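Read the numbers this way: they start at 1 and go in the same order the structure lists the ligands and their atoms. Given the structure is predicted, the values throughout are model-derived calculations rather than measurements.
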Amino acid sequence: MSDTVTDPQEQYEWITKNLQEVLNPQIIKNVLEVEKRPLRVYWGTAPTGKPHCGYFVPMTKLAHFLKAGCEVTVLLADLHAFLDNMKAPLEVVNYRAKYYELVVKSILKSINVPIEKLRFVVGSEYQLSAEYTMDIFRLSNIVSQNDAKRAGADVVKQVANPLLSGLIYPLMQALDEQHLGVDAQFGGVDQRKIFVLAEENLQSLGYSKRAHLMNPMVPGLAQGGKMSASDPNSKIDILEEPKVVKKKIASAFCAPGNVEENGLLSFVEFVVAPIYELKHGKGKFEFEIQRPEKFGGDVTYHSFDELKEAFRTEKLSPVDLKTGVSDAINELLAPIIKDFKESPEFQEAQAKGYPAPVEEKKKVKKVKDRGSRYPGAKPKDDSTAPVAQTAEQLEHTKLE
Ligand SMILES: N[C@@H](Cc1ccc(O)cc1)C(=O)O
């Protein structure tokens, strides 16, 4: 990556590049133009599930911030992962935070971002202090249940009987801005309601209002563009093997000529293009697709619009677009998979951060054992069926 820019105008352009929305841009401009110092900005991530390909998107923004000379902090929000319906139980949360840290560093390295310029902070390192705790209490005395609930609506998992932790979550995210000593917080536009909560309340605690920078949400690969945890094909793990990438992309929704609802084109637009630009310079774009001779042979597009137009007019078929996108993803993932395979620390963080559920293991073993005792018999999994103890229960079991 080339050197950082120093002209305030240019810095502002890098900071806000590709964003969907900026709240309080004057706070940023004031830092750059009047105070003439580096902008301090942070991005928080809660180590919950496994990071997927969408993770490249905030990474390119971190690169832009560094390019603009910002002081960038990455918050590994371990307690937030716990507070969000215990998505990360306390026994595993520090391994998951480590795993996220290594993924973030590996991605940044792969797109030539100097990681030594970033500050990594683990949430629980400061969020358990007396001062921070007192701030949660102070904030809980000025924010209503309703407002806290609404603030978390797009971030905290919504369940039938919501836990109190889901209300504490947004309060803490607001307080992080103060306790990390930043001028601005960056996140996806799904964080908007929490950002507004912070803007509306920090001043009542005697703290200053921060600016907020928001990325658009990147559509997934399924029809409708949602990335859903329940549809594994809509997401590609950051360590996905090339073959699996091909398979998932092959099953992605992609109708001939349809450029509106097309997760593959979105992936090129929001992930591949910004990374290419970072590596090769402003405005540069190149997307190569290997294609059999009889369908026109290999083809290279020099702008995203050119690619999109070729697909719209059906000069490029879904099969060929899929080949191009799979190859591009595999190229992006290769250095991260390599880092993982070469690092025992990385592997340990994954193994201990995401242990196989104990129940499942037991079940599998039982089924296997039975299978070997009765060769050829189809194992029937009744491990959860109740065992009848009395005549009455036996009768009941029979009836079922
Ligand atoms: N809410 C963020 C995580 C986060 C947590 C705490 C923060 O201070 C900032 C961000 C997410 O959805 O991933």
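If you number the atoms of ligand 1 from 1 as listed, the ones under 4.0 Å from a heavy atom of A46 come out as 3 (C), 13 (O). Near Y42, meaning under 4.0 Å from any of its heavy atoms, are these atoms of ligand 1: 7 (C), 8 (O), 9 (C). Of all atoms in ligand 1, listed by their number and element, those nearer than 4.0 Å to a heavy atom of A77 are 5 (C), 6 (C). Short contacts between ligand 1 and V155, defined as distances under 4.0 Å to a heavy atom of the residue, involve ligand atoms 1 (N), 12 (O). Listed by number with element, the atoms of ligand 1 under 4.0 Å from a non-hydrogen atom of Y169 are 1 (N), 2 (C), 3 (C), 11 (C), 12 (O).
For the 3.5 Å distance criterion, the side chains of N24 and E199 qualify, holding a donor opposite an acceptor. For Q191 and Q185, the side-chain atoms include no donor-acceptor pair closer than 3.5 Å. When only modelled atom types and interatomic distance are considered, Y132 and D176 share a side-chain donor-acceptor pair under 3.5 Å. Residues N262 and E260 have side chains that never bring a donor and an acceptor to within less than 3.5 angstrom of each other. In summary, the side chains of N18 and H64 do not present any donor paired with an acceptor at a separation below 3.5 Å, with no hydrogens or angles considered.
Heavy atoms of Q173 found under 4.0 angstrom from ligand 1 belong to the backbone as well as the side chain. Within the 4.0 Å heavy-atom criterion, the part of L75 lying near ligand 1 is the side chain and not the backbone. Residue M172 does not touch ligand 1, judged by heavy-atom distances below 4.0 Å.
Heavy-atom distances between W43 and ligand 1 stay at or above 4.0 Å for every pair. The shortest separation from a heavy atom of E177 to ligand 1 is not under 4.0 Å, leaving the residue out of contact.
Pairs passing the side-chain hydrogen bond (donor to acceptor under 3.5 Å, both in side chains) check and including a residue from residues 308-320, sequence neighbours excluded, read E309-R312, S317-D320.
For a threshold of 3.5 Å applied to N or O pairs, the pair formed by D176 and ligand 1 contains at least one separation below that value.
Contact detail for R37 and D183: the closest heavy-atom pair is NH2-OD1, 2.9 Å.
Checked by atom type and distance alone, the side chain of E288 never pairs as donor or acceptor with a backbone atom of T300 at under 3.5 Å.
Taking only non-hydrogen atoms, the option from H179, Q185, Q127 nearest to atom 9 (C) of ligand 1 is Q185.
A salt bridge (charged side-chain N to carboxylate O under 4.0 Å, His left out) with E277 is found for exactly one of K17, K282, K284, namely K17.
Atom 12 (O) of ligand 1 has as its closest protein heavy atom Q191 NE2, 3.0 Å.
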